[in-house]
2 protein chains.
Amino acid sequence: MAGQTRRRGAALEEAILRAAVAELTESGYAGLTMDKVAARAGTNKNAIYRRWPNRLALGIAAYKQLGKAAPLPDTGELRGDVLELLRLVNRNWSSPAGAVLRELLAAAGGAAEFLAQLQDQSGDAAAAPWLTVLGRAVARGEVAPEALHPRVATVAVVLLRNEFVARGVPTAPDDVLVEIVDEVYLPLVRRRGRAG
Amino acid sequence: MAGQTRRRGAALEEAILRAAVAELTESGYAGLTMDKVAARAGTNKNAIYRRWPNRLALGIAAYKQLGKAAPLPDTGELRGDVLELLRLVNRNWSSPAGAVLRELLAAAGGAAEFLAQLQDQSGDAAAAPWLTVLGRAVARGEVAPEALHPRVATVAVVLLRNEFVARGVPTAPDDVLVEIVDEVYLPLVRRRGRAG
DNA sequence: GCAACTACGGTACTCGCCGTACCGTAAGTT
DNA sequence: AACTTACGGTACGGCGAGTACCGTAGTTGC
């Protein structure tokens, strides 16, 4: 075929990543083979292995291309914000990208080096929006300042994630989100002072 | 050679499972290969595949042999019980068996059929001890009866599990357990009535 | 404009391991 | 004893990760 000129450096790297992303969205991480990516990018495995040490690294790099930030909800009251935020996360984890993320987390197999690269999208960099939303609620006097604690703030999303990883549900029903918010999250953050 | 007589049925099945358990504890699920199990059991892959459809099924079956129930703590007050229960879980997840469980959860890759078989050891059959401990606290008047709700009761252990699956820590430091108990769990279950 | 270097493309390979097929033979069955 | 069933041995197909080698195109320096 000859795409005129032989690609090098950044151009080739982008082509590989595009191919990897395509494979990832079409077939998931399980279907992401080095041979297919190479073929799709119109190159060979050599060029891939010069850039990423193994399949997982390539998968993670490709996955990062999928991440996109959603605007923070602001409904004026805590319950609405929290529920909306949780629905956002649920949609994300239920989407093809979420399935890929779950595959990657599985493939990383607890290797902290790889998990760290996925945390920006899944881990507790996700604490930021929760702290923001809670901060607004504190300012409104809805919530005690003690709730501005990463472990407390992220309880809801951790419980939701548990639905996915421990139960393997493709998507969490809205009831579950409501239950998490009303039975756990709001009672927790709305406490007045410390335990008595 | 020649272990006198050729084994059949249950005897052979036990031998295979013993071999699989040994491989699992020595090399983890990643190192559990059908060939090695067959060799170790003094048989061949045929005998295995007649009993389990694939490697994961064998791995799960072998893992189930590792499960053992620990006695429920009873310190006379909720905080002690909860912390002790959490330490129990932490030790379990930090042990070789815990590492294997994590590998299996990863390999199951969210397939609900397989996850269901692992839930007895990891999922919300684990709710029972928490409900028991909370029930005692309710009887003592330490806790409001509303806390006797599976999702509420298991919050602590879900948060702990999150440390493992999302952060990939080999073991959770005791500080974290204390923090989960004091910052989240106790404030949550010790609430007086519903949120106000 | 020419040489030297670097990186791409092509290909072919090793290796590990899952899963299957075939077949002779020992164990249980009647 | 004849029959059936399951084990043991072995060999193989298939796939995919990762490596090696080499000719050649693109880039860089002179």
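Chain letters run A, B, ... following the sequence lines, proteins first and then strands; every chain starts at 1. All heavy atoms count here, side chains included; hydrogens, waters and symmetry mates do not.
Nucleotides of DNA chain D nearest to A:Leu32 and A:Asn44 differ in position, and the one nearer the 5' end is that of A:Leu32.
The aromatic rings of B:Tyr185 and B:Trp130 sit perpendicular, their planes meeting at an angle over 60°, well past the 30° parallel limit.
In this structure, B:Thr33 contributes its side chain and B:Lys36 its backbone to a donor-acceptor pair below 3.5 Å. Proximity of a side-chain donor or acceptor of B:Arg79 to a complementary backbone N or O of B:Asp182 within less than 3.5 Å is not detected. Side chain of B:Asp81 to backbone of B:Thr75: a donor-acceptor contact under 3.5 angstrom is found.
To the nearest 0.5 Å, atoms OH (B:Tyr49) and CG (B:Leu58) are separated by 9.0 Å. From B:Glu179, atom CD reaches atom CZ of A:Arg151 across 4.5 Å, with rounding to the nearest 0.5 Å.
Comparing C:dT11, C:dC18, D:dG8 against the side chain of B:Arg7 picks out D:dG8 as the nearest.
Taking side-chain N and O atoms only, A:Thr43 has a distance below 4.0 Å to OP1 or OP2 of C:dG9.
Across every non-hydrogen atom of B:Pro170 and B:Phe164, the tightest pair is O-CE2, 3.5 Å.
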Considering only nitrogen or oxygen atoms on both sides, find all protein atoms under 3.5 Å from nucleotides 28-30 of chain C and state each distance.
none

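Remark: B:Arg55 qualifies as a cation-pi partner of B:Tyr29 under the 6.0 Å distance and 45° angle criteria applied to the six-membered ring.
Atoms CE (A:Met34) and P (C:dC15) sit 20 Å apart, rounded to a whole Å. When rounded to the nearest whole Å, the span between NZ of A:Lys45 and C1' of D:dC22 equals 17 Å. The nearest whole Å value for the distance from the CG atom in B:Leu12 to the P atom in D:dA6 is 12 Å.
Residues of residues 46-62 of chain B that place a heavy atom closer than 4.0 Å to DNA chain D, in numerical order, are B:Asn46, B:Arg50, B:Arg51.
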